[in-house]
Amino acid sequence: MAKNLLIVESPAKAKTINKYLGKDFKVLASYGHVRDLIPKEGAVDPEQDFAMKYDVIERNQKHVDAIEKEARAAEAIYLATDLDREGEAISWHISEILRAEGLLEGKDVHRVVFSEITPRAIKAAVEHPRQLSHDLVDAQQARRALDYLVGFNLSPVLWRKVARGLSAGRVQSPALRMIVEREKEIEAFNAQEYWTIEADLAHAETPFRAKLTRLHGKKFEQFDLTDEATAHAAREALLKAAGGQLTVGEVGSRERKRRPAAPFTTSTLQQEAARKLGFSTSRTMRVAQGLYEGVAIGDEGNVGLITYMRTDATALSDEATSELREVIAKDFGQQALPEAVQVYKAKSKNAQEAHEAIRPTSAMRRPADVAKYLNDDQRKLYELIWKRTVACQMIHARLNTVSVEFPVGDSSFRATGTTVIDPGFLAVYEEGQDTKADDDEKRRLPQLAKGDVVPLTDILADQHFTEPPPRYSEASLVKALEEFGIGRPSTYASIIQVLLNREYVWLDSRRFKPTDVGRTVSNFLTEHFTQYVDYDFTAKLEDELDAVSRGEENWVPLMQRFWKPFKDQVDEKIETVDRGQATGARELGTDPKTGKPVSVRLGRYGPFAQIGTRDDEEKPQFASLRPGQSMHTIELAEALELFKLPRKLGEAEDGEEVTAGIGRFGPFVKKGSTYASMPKEEDPHTVTFERAQELIREKLEMLANRVIQEFDSGIQVLNGRYGPYITDGEKNARIPKEREPKELTEAECVELLAAAPVRKRRGAAAKKTAAKKTATKKTAKKTATKKAAAKKATKKATKKTAAKKTAAKKTSARKSAGKAASDAD
């Protein structure tokens with residue numbers, strides 16, 4: 001057994017670190033969190049200073065057992081989980097489990113942290129341990145308690161008022177609100193027409209264009225021309241005044257410097273990987289985790305290639321900058337180095353939690369050197385991190401911006417362009433942008449001097465329309481969350497993933513669009529729990545949690561300030577909110593056929609339209625919305641179209657009617673008793689008679705080819721998805737490879753079915769069986785609980801009777817003693 005036990009989170013990290021420490025160390029992984037709040041109400045008790053009830057996570061019990069086994073024999077224990085709040089909390093949970101088992105008595109317990117997995121960093125961390133930071137643990141516990149209390153109290157309100165199965169999160173809800181509010185902005189947007197005018201110039205060296213900047217002596221603004229007639233009149237007047245050429249008036253030139261971007265933090269890495277590599281936030285973090293924990297690099301074995309990837313910091317260590325400068329001088333020349341190290345200021349007050357920005361553990365490991373050891377995703381992300389880090393320590397870029405004026409009477413055109421004098425850091429890396437860059441930034445103009453004449457090819461008048469604000473991409477959403485102070489770097493990926501998993505949003509061309517369910521949830525929370533989805537409130541709460549992590553504030557008072565008003569509001573809304581309003585029900589108008597109201601609302605299976613109300617004598621009519629329709633924007637005419645199903649498409653040659661509709665299992669076409677399912681991308685409202693017949697023909701062919709043999713007993717030999725098989729409706733049997741399905745006799749089929757295993761129940765039958773088993777278990781559990789309660793009550797009653805008898809004896813004895821004393825007096 002090793003003298004020292006060192007505990008990390010992941011097996012990959014354990015494998016990498018194991019080779020850096022000698023035989024005196026045993027390295028084990030906890031596989032993430034080892035304990036969590038018990039998954040039921042009462043896990044956080046507000047009445048007892050928010051006492052929290054934890055239990056070992058079932059899937060990690062075997063890893064906890066392994067840690068306990070090694071801890072018994074170890075002389076010292078090193079807790080080496082990640083250096084953020086989550087990592088600190090995992091170390092604390094492990095120490096609490098070991099303490100409860102009495103395994104820490106007489107042993108040294110050390111907390112070690114490192115931001116990179118390299119021999120130097122690991123050995124330095126082990127040589128300079130510290131104590132557990134209870135401030136970081138308290139901040140993590142407060143965050144977990146807040147999320148638990150919000151989830152367990154707000155989600156039931158959604159179940160009762162909106163729909164079952166919905167949930168609300170403390171941080172996810174403001175993020176959802178952002179996406180929904182942007183969608184409303186887009187819907188409310190009114191496009192405005194405007195026209196631009198440009199001169200197309202045919203310079204012999206480089207043809208280029210110049211924009212109209214002054215018209216009839218006035219500065220030309222975007223909305224000065226808003227209709228075709230006026231724009232073309234202006235174009236004709238300018239063409240006439242120009243006479244086929246433009247003369248250069250003034251030529252202006254301005255040199256400017258452009259500084260490189262700071263090295264990556266978690267959020268900027270997520271944004272840039274989304275822009276340049278098309279990675280989702282979760283994919284970025286998964287790949288970065290692998291690069292951090294270690295990759296097998298030839299003879300070196302497992303090597304951590306980047307520093308810790310959850311950080312707000314933009315700082316770089318002296319050792320890192322020294323190595324970066326060495327690489328820059330060697331690869332790009334001494335002239336690419338600034339006189340001093342570039343220093344970048346972190347945006348976050350809490351950037352000290354993680355000591356450095358995300359960088360390569362060694363800049364000497366160039367992307368080309370390690371590419372063959374990495375998979376495609378790892379290679380792309382490592383190259384992105386390496387280039388950004390190297391670029392941040394290079395000299396600024398020097399750019400020359402040139403502007404050329406072309407006067408035409410009392411109007412004027414201007415051409416602008418930028419040339420690179422010295423690329424500096426741009427030789428390595430240029431930061432991506434969420435919005436399209438101005439073409440002027442990349443345009444290169446020919447050499448022009450005042451008085452030069454340039455031939456005019458044409459003057460172009462182009463129509464444009466203003467565009468609504470774009471929907472959030474993953475990059476722009478992360479940027480917005482960071483700017484508002486909602487969540488922290490380690491939570492951005494999970495926030496987005498939760499919204500997608502709950503189907504509150506979906507990605508349309510890599511942009512977030514809210515679903516009807518997501519929009520209804522957001523509207524409900526924004527209207528009735530305004531404070532708790534307010535951006536400033538959420539950000540302030542994050543700041544308070546940061547203050548707890550720095551030891552500036554106690555976590556219990558923070559929880560108390562949040563809890564009471566929140567709980568009061570939850571209780572009040574359960575009693576006062578009308579369910580119809582909560583589901584976002586909209587009345588669209590009146591059905592002209594029946595005179596009944598037409599409405600849309602959110603139901604258990606999604607949004608639907610309804611004709612009539614529950615108060616009517618006749619049952620209301622219901623119809624699901626079509627793909628792409630939203631209950632928040634659908635109009636009366638569109639809703640009425642939904643009730644035209646089933647549609648009669650025509651009559652087949654045999655006189656049978658062909659229809660299209662939507663059933664329990666989705667859209668279908670039907671002829672007689674034959675149903676054929678429609679592909680997801682096809683619509684029963686628009687399917688043609690010819691297409692319906694094609695689908696029915698395919699179904700009949702499939703059915704015809706399905707039956708190989710059929711016996712009077714009901715036994716069939718069928719073609720199935722995985723090949724031919726035998727069935728009697730209850731059991732299925734495989735056909736021996738050496739037998740031809742067409743040649744099987746009924747007797748052989750009976751024999752094969754008898755030997756076949758009983759088919760597992762599926763669907764409704766399986767659910768019914770499972771429900772019966774669950775009910776039986778619950779009954780047995782109830783009976784056992786009742787028996788235990790009865791036994792406990794009997795035991796309690798027996799104790800009570802015995803206590804009464806003892807008390808009576810004592811009273812009798814006291815009376816006798818009192819009487820004896822009285823007699824003595």
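Numbers here simply count residues along the sequence, with the first being 1.
With respect to Glu431 and Arg258, no salt bridge is recorded, no charged nitrogen being found less than 4.0 Å from a carboxylate O. Electrostatic pairing of Glu255 and Arg398 counts as a salt bridge here, judged by a charged N lying under 4.0 Å from a carboxylate O. No salt bridge links Asp147 with Arg143; every basic N to acidic carboxylate O contact stays at or beyond 4.0 Å. Electrostatic pairing of Asp534 and Lys540 does not count as a salt bridge here, judged by no charged N lying under 4.0 Å from a carboxylate O. A salt bridge links Glu319 to Arg120: at least one charged side-chain nitrogen sits closer than 4.0 Å to a carboxylate oxygen.
Closest approach of Cys392 to Tyr344, counting heavy atoms only: O-OH, 2.7 Å. Tyr492 and Ser267 make their closest contact through CE1-CB, 3.6 Å (heavy atoms, listed as atom of the first residue, atom of the second, distance). Nearest heavy-atom pair across His63 and Ala29 is CB-O, 4.1 Å. Summarising the geometry of Ser115 relative to Glu356, their closest heavy-atom pair is OG-OE2, 3.9 Å, with the distance given to 0.1 Å. Across every non-hydrogen atom of Pro360 and Tyr382, the tightest pair is CB-OH, 3.8 Å. When all heavy atoms are compared, the tightest approach of Val8 to Ala80 is CG1-O, 3.6 Å.
Enclosure of atom CG in Asp24 by more than 12 non-hydrogen atoms of other residues, nucleotides or ligands within 6.0 angstrom is indicated. Within a 6.0 Å radius of NZ in Lys15, other residues, nucleotides and ligands contribute 12 heavy atoms or fewer. When the shell of 6.0 Å around NZ of Lys13 is examined, it contains more than 12 heavy atoms from other residues, nucleotides or ligands. Within a 6.0 Å radius of CD in Gln334, other residues, nucleotides and ligands contribute 12 heavy atoms or fewer. Annotation: Glu552, atom CD; neighbour count of heavy atoms from other residues, nucleotides and ligands within 6.0 Å is above 12.
Between Arg365 and Val303, the closest side-chain pair of non-hydrogen atoms falls below 4.5 Å. Counting only heavy atoms from C-beta outward, the side chains of Leu316 and Arg359 approach each other to under 4.5 Å. Residues Leu558 and Leu146 are in side-chain contact: their nearest non-hydrogen atoms beyond the backbone lie under 4.5 Å apart. Under the 4.5 Å side-chain criterion, counting only non-hydrogen atoms from C-beta, Leu305 is in contact with Leu374. Using a 4.5 Å cut-off on side-chain heavy atoms (C-beta onward), His203 and Leu448 make contact. Residues Val126 and Leu6 have side chains in contact (heavy-atom distance under 4.5 Å, counting atoms from C-beta outward). Side-chain atoms of Leu324 and Val390, non-hydrogen and from C-beta on, do get closer than 4.5 Å to each other. Inter-residue side-chain proximity for Val327 and Met364 is flagged as met; some heavy-atom pair is nearer than 4.5 Å.
For Glu293 (side chain) and Thr16 (main-chain N/O), no donor-acceptor pair under 3.5 Å exists by modelled atom type. Between the side chain of Glu474 and the backbone N or O of Thr281, at least one donor-acceptor pair lies under 3.5 Å. Formation of a donor-acceptor pair under 3.5 Å by the Arg111 side chain with backbone atoms of Leu79 is found in this model. Checked by atom type and distance alone, the side chain of Thr266 pairs as donor or acceptor with a backbone atom of Thr311 at under 3.5 Å. Remark: side-chain polar atoms of Thr265 are not paired, donor with acceptor, to backbone N or O of Thr314 under 3.5 angstrom. Here the side chain of Gln335 pairs a donor or acceptor atom with the backbone of Phe332 at under 3.5 angstrom. Formation of a donor-acceptor pair under 3.5 Å by the Thr361 side chain with backbone atoms of Gly304 is found in this model. Listed for the Lys107 side chain is a donor-acceptor partner under 3.5 Å among the backbone atoms of Ala71. Judged purely by atom type and a 3.5 angstrom limit, Lys19 uses its side chain to pair as donor or acceptor with the backbone of Asn302. For Arg511 (side chain) and Arg471 (main-chain N/O), a donor-acceptor pair under 3.5 Å exists by modelled atom type.
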Practice task
Take Phe264 and Thr389 through the test side-chain contact (heavy atoms from CB on, under 4.5 Å) and record every step on the way to the result.
Solution key: CA-CA 7 Å; Phe264 282 130; Thr389 312; 5.6 Å; no
Exercise for the section: Step by step, work out the side-chain contact (heavy atoms from CB on, under 4.5 Å) result for Arg170 and Leu541. Expected result: CA-CA 10 Å; Arg170 182 183 62 85; Leu541 202 53; 4.0 Å; yes
Practice task
Show your reasoning for whether side-chain hydrogen bond (donor to acceptor under 3.5 Å, both in side chains) applies to Asn60 and Ser30.
Solution key: CA-CA 7 Å; Asn60 280 359; Ser30 71; over 6 Å; no
Practice task
Verify side-chain contact (heavy atoms from CB on, under 4.5 Å) between Gln172 and Gln497, making sure each step is shown before the conclusion.
Solution key: CA-CA 10 Å; Gln172 292 91 343; Gln497 203 55 50; over 6 Å; no
Handout entry: Audit row: Thr284, Gln270, side-chain hydrogen bond (donor to acceptor under 3.5 Å, both in side chains) steps and yes/no
Key = CA-CA 6 Å; Thr284 299; Gln270 290 173 349; over 6 Å; no
Exercise for the section: Please lay out, stage by stage, how Glu198 and Lys211 fare under the test salt bridge (charged side-chain N to carboxylate O under 4.0 Å, His left out). Expected result: CA-CA 5 Å; Glu198 289 185 308; Lys211 292 178 181 177; 5.2 Å; no
Exercise for the section: Please lay out, stage by stage, how Thr268 and Arg388 fare under the test side-chain contact (heavy atoms from CB on, under 4.5 Å). Expected result: CA-CA 11 Å; Thr268 54; Arg388 172 89 163 215; 4.1 Å; yes
Exercise for the section: For Arg488 and Asp84, run salt bridge (charged side-chain N to carboxylate O under 4.0 Å, His left out): C-alpha distance rounded to whole Å, both residues' side-chain angles, the deciding distance at 0.1 Å, then the answer. Expected result: CA-CA 11 Å; Arg488 285 296 176 259; Asp84 58 7; over 6 Å; no
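With hydrogens and angles left out, the side-chain atoms of Gln393 and Thr321 include no donor and acceptor closer than 3.5 Å. No hydrogens or angles considered: a donor-acceptor pair under 3.5 Å links the side chains of Tyr308 and Asp82. If you check the side chains of Tyr429 and Glu272, you find a donor sitting under 3.5 Å from an acceptor.
Partner His33 forms a side chain to side chain donor-acceptor pair (under 3.5 Å) with one of Glu86, Arg144, Glu9 and no other, that one being Glu86.
Note on residues 125-140: pairs passing salt bridge (Lys or Arg N to Asp or Glu O under 4.0 Å), not counting sequence neighbours, are Glu88-Arg130.
Taking the salt bridge (charged side-chain N to carboxylate O under 4.0 Å, His left out) definition, one finds that Arg325 meets it with nothing, sequence neighbours left out. Here Glu383 pairs with Pro367, Arg379, Lys387 under the side-chain contact (heavy atoms from CB on, under 4.5 Å) rule; sequence neighbours left out.
Atoms CD1 and CD1, on Ile67 and Ile94 in that order, are 5.0 Å from each other to the nearest 0.5 Å. Rounding to the nearest 0.5 Å places CG of Leu269 at 5.0 Å from CD1 of Ile385.
In this pair, Phe208 and Phe406 present their aromatic rings tilted. The plane angle is within the 30 to 60° band.
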